[in-house]
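These notes are about the structure you will find just below.
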Protein chains: 2
Amino acid sequence: MPKVGMEPIRRQQLINATMAAIDEVGLAETTVMRIARHAGVSAGIISHYFGGKDGLLEATMRQILTDLSTAVAVRRHALEDDSSRAHIGAIIEGNFDRTQVTGPAAKTWLAFWASSMHKPMLQRLQNVNDRRLYSNLCHQFRRVMPRLEARNAARGLAAMIDGLWLRGALTPEGLDAEEARFLAHTYLDQLLAHYGCQQPASNTYS
Amino acid sequence: MPKVGMEPIRRQQLINATMAAIDEVGLAETTVMRIARHAGVSAGIISHYFGGKDGLLEATMRQILTDLSTAVAVRRHALEDDSSRAHIGAIIEGNFDRTQVTGPAAKTWLAFWASSMHKPMLQRLQNVNDRRLYSNLCHQFRRVMPRLEARNAARGLAAMIDGLWLRGALTPEGLDAEEARFLAHTYLDQLLAHYGCQQPASNTYS
DNA sequence: ATTTTTTTATTGAACGTTCAATCAATAAAA
DNA sequence: TTTTATTGATTGAACGTTCAATAAAAAAAT
């Protein structure tokens with residue numbers, strides 16, 4: 001039933017179907033037929049729109065990374081407070097955004113993470129994202145502490161965020177976003193407390 | 001060239017070869033032939049000793065988990081100091097043990113971690129290990145802080161350890177064990193500082 | 001307004017490849 | 001001679017990709 005202008009619709013359908021399939025059976029058992037069935041189309045269409053399975057997987061990872069960046073950027077631009085604490089808090093909140101943390105996205109995220117160890121293209125994507133998180137954190141920490149300490153604080157918080165993600169993706173019940181945010185913010189408070197920064201006026205995470 | 005008593009030797013050879021193969025090309029492209037070539041034997045031998053590829057993969061994950069547990073247990077039994085700080089410090093040190101952190105083991109570890117999301121047997125193994133780490137940490141923290149705080153400290157430190165592992169496995173240069181240990185110990189100090197515990201006499205990680 | 005032509009979207013069977021598992025044959029050690 | 005260890009060609013299943021065929025929509029022609 002071909003109508004014109006199907007391309008963007010199909011691309012999005014197939015990307016969503018890829019995440020659903022990975023959530024369902026894992027990347028290893030995600031075949032083009034299973035993805036196609038999820039999207040309600042035939043298998044051949046994948047090669048038509050993405051040049052092949054690899055192209056679709058790459059596009060899917062791209063989308064996840066873009067969504068994550070957007071979630072962080074939106075919260076940072078909405079800040080009234082320009083303190084480093086507020087900026088870092090926004091980064092934490094963005095990283096535990098609802099759309100990212102929910103089932104399919106989280107499992108797809110971890111699957112690509114593991115896969116990126118041996119696929120240069122995915123590794124490149126993952127690296128770019130990683131560096132941005134680290135350099136953003138580092139820049140904000142440097143506003144309130146010396147270079148070396150800022151570097152360590154940034155690495156520590158980045159590891160904490162990733163670790164919470166990882167554990168969330170692995171537990172059958174999925175990530176408890178509230179608890180994760182609480183732990184990350186508490187850690188942030190501890191990092192900043194050593195340099196005499198004032199506590200935030202309201203700590204609104206339970 | 002069959003000699004008697006080959007079984008334990010071959011089993012270990014094949015487990016090591018499996019880690020080498022995963023380190024080299026990733027779990028997705030680790031075939032029985034590649035493993036066999038690494039071990040210098042034929043492909044058929046894998047089914048003979050492990051009942052199939054899945055059996056070998058399971059045995060490999062078992063070995064990694066056992067090695068990790070042993071590394072922690074050895075350090076905890078060697079403690080002169082019985083303080084909670086010393087015990088938790090030993091858990092950290094064990095988790096960043098040299099044999100675990102080095103190339104093949106780390107990448108195999110992460111690969112299985114991702115894979116365990118959809119393979120019940122691996123998930124079971126991973127869960128048992130996970131609970132032991134958490135409950136050990138929780139038990140030690142409870143010696144110096146209230147229940148709820150101990151729970152959060154344990155979850156935070158567990159996430160930090162996993163996050164450092166994850167990032168270490170992903171960076172091309174591999175995990176910088178010294179830095180990881182330093183960050184984990186610093187975090188531990190921060191957690192304990194809130195409850196007025198004395199700082200350790202000597203902080204011997206650079 | 002109808003019919004014809006062109007364009008665009010989609011299908012699904014066929015093909016070639018890859019892989020894990022099997023097992024009869026083989027060879028060294030007991 | 002018997003037992004144990006190992007091989008490697010073979011088998012069958014599963015997968016990604018391709019492509020000729022098809023059908024709907026849009027455009028052009030009547």
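Computed from a prediction, not measured in an experiment: that's the story for all the values here. Letters A, B, ... are given to chains in the order of the sequence lines, protein chains preceding strands, and every chain is numbered from 1.
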Show me the side-chain donor-acceptor pairs of residues 31-39 of chain B shorter than 3.5 Å, one per line, residues at least two apart or across chains.
unit_1	atom_1	unit_2	atom_2	d
T31(B)	OG1	R34(B)	N	3.2
R34(B)	NH1	E24(B)	OE2	3.3
H38(B)	NE2	E24(B)	OE1	2.8

Can you confirm whether the side chains of Q123(B) and H118(B) place a donor and an acceptor under 3.5 Å from each other? no

Restricting to nitrogen or oxygen on both sides, can you table the protein-nucleotides 15-19 of chain C pairs closer than 3.5 Å?
none

Could you identify which residues of residues 14-24 of chain A place a heavy atom less than 4.0 Å from some atom of DNA chain D, listed by residue number, or say none? none

Mind checking G5(B) for me? I need base, sugar-phosphate or nothing, with any heavy atom below 4.0 Å counting as a touch. sugar-phosphate

Has the side chain of S115(A) got a donor or acceptor atom that lies under 3.5 Å from a matching backbone atom of A111(A)? no

If you look at every strand shown and take non-hydrogen atoms under 4.0 Å, does Y49(A) touch a base, only sugar-phosphate, or nothing? sugar-phosphate

Grab the CD-P distance between E7(A) and dA25(D) for me, whole Å please. 19 Å

Set of residues satisfying salt bridge (charged side-chain N to carboxylate O under 4.0 Å, His left out) with respect to R62(A), sequence neighbours excluded: E58(A)

Considering only nitrogen or oxygen atoms on both sides, find all protein atoms under 3.5 Å from nucleotides 12-14 of chain C and state each distance.
none

Please enumerate all residues that pass side chain to side chain contact (heavy atoms under 4.5 Å, CB included) together with Q126(B), with sequence neighbours excluded. L170(A), M61(B), W113(B), S116(B), D130(B)

To the nearest Å, how far apart are I46(B) CD1 and dC23(C) P? 18 Å

Length of the CE-P vector between M6(A) and dA25(D), whole Å: 10 Å

Within this structure, what is the CG-to-C1' distance between L57(B) and dA20(C), rounded to whole angstrom? 12 Å

Nearest-angstrom distance from the residue atom CZ of R37(B) to C1' of dT7(D): 16 Å

Quick check: does any side chain N or O of H139(A) sit under 3.5 Å from a backbone N or O of S135(A), one acting as donor and the other as acceptor? no

In dot-bracket notation, what is the pairing pattern of DNA chain C, taking Watson-Crick (N1-N3 plus N6-O4 or O6-N4) and G-U wobble (N1-O2 and O6-N3) contacts under 3.5 Å, with [ ] crossing and | for other strands? ||||||||||||||||||||||||||||||

Whole Å only: how far is the CZ atom of R10(B) from the P atom of dA5(D)? 10 Å

What residues form a side chain to side chain contact (heavy atoms under 4.5 Å, CB included) with T102(A), not counting sequence neighbours? none

What is the distance, rounded to the nearest whole Å, between atom CD1 of I9(A) and atom P of dT10(C)? 9 Å

Do the side chains of E93(B) and V72(B) get nearer than 4.5 Å, heavy atoms only? no

What integer distance in Å separates H48(B):NE2 from dC23(C):P? 13 Å

Hey, could you give me each pair passing salt bridge (charged side-chain N to carboxylate O under 4.0 Å, His left out) that has a residue in residues 111-129 of chain B? Not counting sequence neighbours. none

Under 3.5 Å, which donor-acceptor pairs do the side chains of residues 42-56 of chain A form with other protein atoms, sequence neighbours left out?
unit_1	atom_1	unit_2	atom_2	d
S42(A)	OG	G44(A)	N	3.4
K53(A)	NZ	T30(A)	O	2.9

R143(B): partners by side chain to side chain contact (heavy atoms under 4.5 Å, CB included), with sequence neighbours left out: D82(B), S84(B), H87(B), Q140(B)

What residue pairs, at least two apart or across chains, pass salt bridge (charged side-chain N to carboxylate O under 4.0 Å, His left out) with a residue in residues 151-166 of chain A? R151(A)-E179(B), R155(A)-E179(B), D162(A)-R167(B)

Hey, is the main chain of N95(B) close enough, under 3.5 Å, to the side chain of W165(B) for a donor-acceptor pair? yes

Interatomic spacing from CE in M19(A) to OG1 in T60(A) - rounded to 0.5 Å: 6.0 Å

